[in-house]
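Lettering of chains follows the sequences in order, A, B, ..., and the numbering in each one begins at 1.
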Amino acid sequence: MQRRLLEELAPELLVKEVKTREMGLPELKNVMGEVRMRMAPNPSGPLHLGHSRMAILNDEYVKRYGGLCYNRFEDTDPARIDPTAYDTIPEDLEWLGVKIHKTIVQSERFETYYGIAMKLLEMGKAYVCTCKPDHWRDLKNSRRPCEHREQPLSEQKARWDKMFDGSFKPEEASLIVKTDLEHPNPAIRDFVGLRIDDTPHPRTGTRYRVYPLMNLAVAVDDHLLDLTHVLRGKDHLNNTYRQEYIYNYLGWKKPEYIHYGRVSIEDAQLSKSKIAKGIKQGPYSGWDDPQLGTLRALRRRGIRPEALRRYWVETGIKEVDIEFSWKTLYSFNRELIDDGADRYFFVADPVEVRIEGAPELVGRAPVHPEHPERGLREIMLGRDPTVYISREDLPEGNARVRLKDLCNVEFVDGKVRYIGNSLDLLKEGVRIIHWVPKHSFDAVVLMTDGTVKKGKAEPLLASAKGKMVQLERFAFVRVEEVSPLITCVFAHR
RNA sequence: GCUCCCGUAGUGUAGUCCGGUCAAUCAUUCCAGCCUUUCGAGCUGGCCACCCGGGUUCAAAUCCCGGCGGGAGCACCA
């Protein structure tokens, strides 16, 4: 359209300007040599789908450029710690294939934070405030300093010491980092750096009662770890601005910050408190309940970490909020597992059907349709031509159907007749359904909505423990247990 | 209310900085057909998008202005 015009006007502009097309994640800015990055989970429970994004993105970049990736437990709120998370989070990261070079625990570093706090105090960039929190906040919102803000260092230090010796109760004194009371964004004005909390800490007990808050601890640690790039959700944008004050006061070099948008994940329970409650009182069986969006639930269902990785890499790190798509994740996973997933018959909600007029029948079904070399599953019916089919596969009226890899039958007035084994029938559009023999095993499939599909599975499924299989016409599932009951966990269709 | 960020198909994404090969990429979904003894896989085709309105320009997804819409933050949580 405009092209023709341009050809007349300025053909030289049409000369090639090959735009390189980069797939996957964009390059990081300001990379000099190796990168050092971190993930900073709060140890309040195992990792879920949302966390996997941060973990995988960090890992991808560290692997691309070379460098180090830290895992830092942000356990500076003693009330919100689940001690088991110190173990489960590294397990989850390992499953994800995320390489952690070093683990840091903030609760082991309190002395370091105290040192920096003292330094800020001495520089006049912090103060110890004993205002009531509401009062202090009101002053801040109207851009006014509280009476403690500009008091002399000696008084600040005296109050600082008293924060440790028990003179103050929680909320009666805190160390505040100064920023700029005139800052147009009220969220950026003076923020609390350390507070008093007497809740026993799962790791340090009552040894410390002065706890750094995230903005102080994060700034200090990010600097001391000499991070080059920090990935964080955009909900931390204002925290980044606050932390930059600390960097500026102390003359530290800032890492490159990259903020990414929020992910909304439909149909997934991710809330740690709700999950914990659901485990105690039902309806969840544990952190790996297939209803949950935890990584251990996905693992249990047979979702491969590589599928998650591809998903997050293709999603990228834009600042826009996004919607998570289970369908896309399942599609990636199907691609990974289909080749290795042998086929079996499982009949949900079974109905017994006796085939009349049948010779001795033997079902011969390929183990995997794309892999004839894997052989056939032979299912002998012997002299009792009785099978189970799913109730939902029962024809409404009289009809012919093909029992897959077995024979053709005709439903007539409630009876089922053998009508040969010719595949020509299929050309007439006859439906194909699956079946299992009478000597099948009871089996259940745990569904992601919390229901349990009960049915019968062909005997051979009992030999697939731990494997990812496809129950034909039903779903891909992971065979979790085979005795006393075959138990599968639903992955996806 | 205040501060900041962001708007490309159902979803995610490329292109936006440096306007022209964009009649807009790729993936996934959805629809149709083919193939297949699975509702899986494969193959082919199709639907569907530059938030809106002005402006600048020979030319705007791209630059400017104004709207509209969405999100985040305004915690002694992270």
Side-chain angles (χ1 to χ4, degrees), chain A residues 1-3 5-10 13-19 21-24 26 40-42 44 74-77 79-80 129 133 136-137 140-141 170-176 183-189 191-197 211-215 217-218 232-239 241-242 259 261-264 266 310-312 314-316 318-332 334-335 337-339 341 343 345 364-366 368-370 402-406 408 421 423 425-426 430-434 470-476 492-493:
Chain A
M1 191 185 212
Q2 294 157 359
R3 173 133 200 227
L5 281 167
L6 186 62
E7 274 166 0
E8 294 163 19
L9 285 164
L13 289 182
L14 281 177
V15 175
K16 262 218 173 65
E17 180 202 314
V18 192
K19 281 178 181 167
R21 179 74 185 279
E22 46 191 57
M23 290 311 280
N42 180 311
S44 54
E74 309 224 311
D75 54 348
T76 56
D77 182 356
R80 299 205 324 166
C129 177
W136 174 74
R137 204 176 305 117
K140 192 169 84 151
N141 286 337
E171 296 205 341
E172 286 183 353
S174 327
L175 181 131
I176 314 279
H183 199 287
N185 185 349
I188 313 292
R189 298 175 200 152
F191 62 89
V192 179
L194 295 102
R195 62 164 175 168
I196 297 170
D197 194 333
Y211 288 83
L213 265 66
M214 172 245 217
N215 281 305
V218 165
R232 47 185 6 184
K234 73 175 186 187
D235 45 324
H236 284 299
L237 211 57
N238 286 339
N239 289 320
Y241 299 142
R242 297 203 262 228
H259 298 93
R262 314 246 317 167
V263 190
S264 63
E266 295 289 319
R310 179 176 166 202
Y311 187 89
W312 291 126
E314 290 196 9
T315 294
K318 295 210 301 187
E319 213 169 304
V320 286
D321 297 340
I322 55 169
E323 259 174 62
F324 181 82
S325 165
W326 286 103
K327 283 186 173 170
T328 301
L329 178 69
Y330 292 160
S331 167
F332 292 168
R334 203 180 289 122
E335 203 171 291
I337 62 167
D338 185 38
D339 199 65
R343 269 57 172 169
F345 287 152
R364 289 194 178 84
H368 193 298
E370 317 299 325
R402 167 77 186 169
L403 297 179
K404 186 170 183 287
D405 304 310
L406 182 69
N408 308 321
N421 194 17
L423 291 178
L425 215 65
L426 298 178
V430 165
R431 279 213 311 145
I432 302 167
I433 65 171
H434 64 281
Q470 188 203 46
L471 302 179
E472 289 194 45
R473 297 182 67 237
F474 182 79
F476 288 93
H492 46 72
R493 292 201 60 99

Chemist: Scan nucleotides 28-34 of chain B against the protein and return all N/O pairs shorter than 3.5 Å with their distances rounded to 0.1 Å.
Modeler:
| from | atom 1 | to | atom 2 | distance (Å) |
| --- | --- | --- | --- | --- |
| U28(B) | O3' | Ser331(A) | OG | 3.2 |
| U28(B) | O2' | Thr328(A) | OG1 | 3.0 |

Chemist: When we call it a touch if two heavy atoms are under 4.0 Å apart, what does Arg262(A) touch: a base, just sugar-phosphate, or nothing?
Modeler: sugar-phosphate

Chemist: If we call it a pair only when both distances are under 3.5 Å in a Watson-Crick or G-U wobble match, what pairs with G53(B)?
Modeler: C65(B)

Chemist: Describe the nucleic acid contact of Asp405(A) in one word from base, sugar-phosphate, nothing, applying a heavy-atom distance below 4.0 Å.
Modeler: base

Chemist: Reckon Tyr330(A) touches a base, only the sugar-phosphate, or nothing at all at heavy-atom distances under 4.0 Å?
Modeler: nothing

Chemist: Once you apply a heavy-atom cut-off of 4.0 Å, does His259(A) come out as touching a base, just sugar-phosphate, or nothing?
Modeler: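 If one applies the 4.0 Å heavy-atom cut-off, His259(A) turns out to touch nothing in the nucleic acid.
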
Chemist: Do Arg334(A) and Phe476(A) have side chains that get closer than 4.5 Å, going by heavy atoms?
Modeler: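 They are in contact (side-chain heavy atoms under 4.5 Å apart), so the answer is yes.
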
Chemist: Looking at the side chain of Ile432(A), which of G70(B), U38(B), G12(B) is the nearest nucleotide?
Modeler: U38(B)

Chemist: Report, as a single string ordered 5' to 3', how protein heavy atoms within less than 4.0 Å touch nucleotides 43-52 of chain B: B base, S sugar-phosphate only, - not at all.
Modeler: ----------

Chemist: Would you indicate what Phe476(A) reaches in the nucleic acid, counting non-hydrogen atoms under 4.0 angstrom: base, sugar-phosphate, or nothing?
Modeler: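 It contacts sugar-phosphate atoms only.
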
Chemist: To the nearest angstrom, how far is Ile176(A) atom CD1 from A75(B) atom P?
Modeler: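 Taking atom P of A75(B) as the reference, CD1 of Ile176(A) is at 12 Å.
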
Chemist: At 4.0 Å (heavy atoms only), tell me whether Pro41(A) reaches a base, stays on the sugar-phosphate, or touches nothing.
Modeler: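 No contact at all - Pro41(A) keeps every heavy atom at 4.0 Å or more from the nucleic acid.
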
Chemist: Determine the Euclidean distance between corresponding C1' atoms of U56(B) and C63(B); express it in Å to zero decimal places.
Modeler: 8 Å

Chemist: Considering every strand and a 4.0 Å limit on heavy-atom distances, what is the contact class for Pro184(A): base, sugar-phosphate, or nothing?
Modeler: sugar-phosphate

Chemist: Could you tell me the Watson-Crick or G-U partner of A72(B), where both distances fall under 3.5 Å? Say none if there is no partner.
Modeler: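 Pairing partner: U3(B).
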
Chemist: Given C39(B), is OP1 or OP2 found less than 4.0 Å from the side-chain N or O atoms of Arg431(A)?
Modeler: no

Chemist: Checking the side chain of Arg262(A) only, and the main-chain atoms of Asp321(A) only, is there a donor and an acceptor separated by less than 3.5 Å?
Modeler: no

Chemist: Let's test this: given Watson-Crick or G-U wobble pairing with both distances under 3.5 Å, identify the partner of G42(B).
Modeler: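 Here G42(B) is engaged in a pair, and the nucleotide opposite it is C34(B).
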
Chemist: Taking pairing as Watson-Crick or G-U wobble with both contacts under 3.5 Å, can you name the mate of G20(B), or confirm there isn't one?
Modeler: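 In the structure as shown, G20(B) has C58(B) as its Watson-Crick or wobble partner.
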
Chemist: Paired with A9(B): which nucleotide, if any, by Watson-Crick or G-U wobble criteria at under 3.5 Å for both distances?
Modeler: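 Checking every strand shown, A9(B) finds no partner, since no pair has both distances under 3.5 Å.
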
Chemist: Would you say the side-chain atoms of Trp326(A) pair up with the backbone N or O of His492(A), donor to acceptor, closer than 3.5 Å?
Modeler: no

Chemist: Picking from G73(B), G7(B), U37(B), which would you name as closest to the side chain of Leu423(A)?
Modeler: U37(B)

Chemist: Are the side chains of Leu423(A) and Arg402(A) in touch, meaning some heavy atoms are under 4.5 Å apart?
Modeler: yes

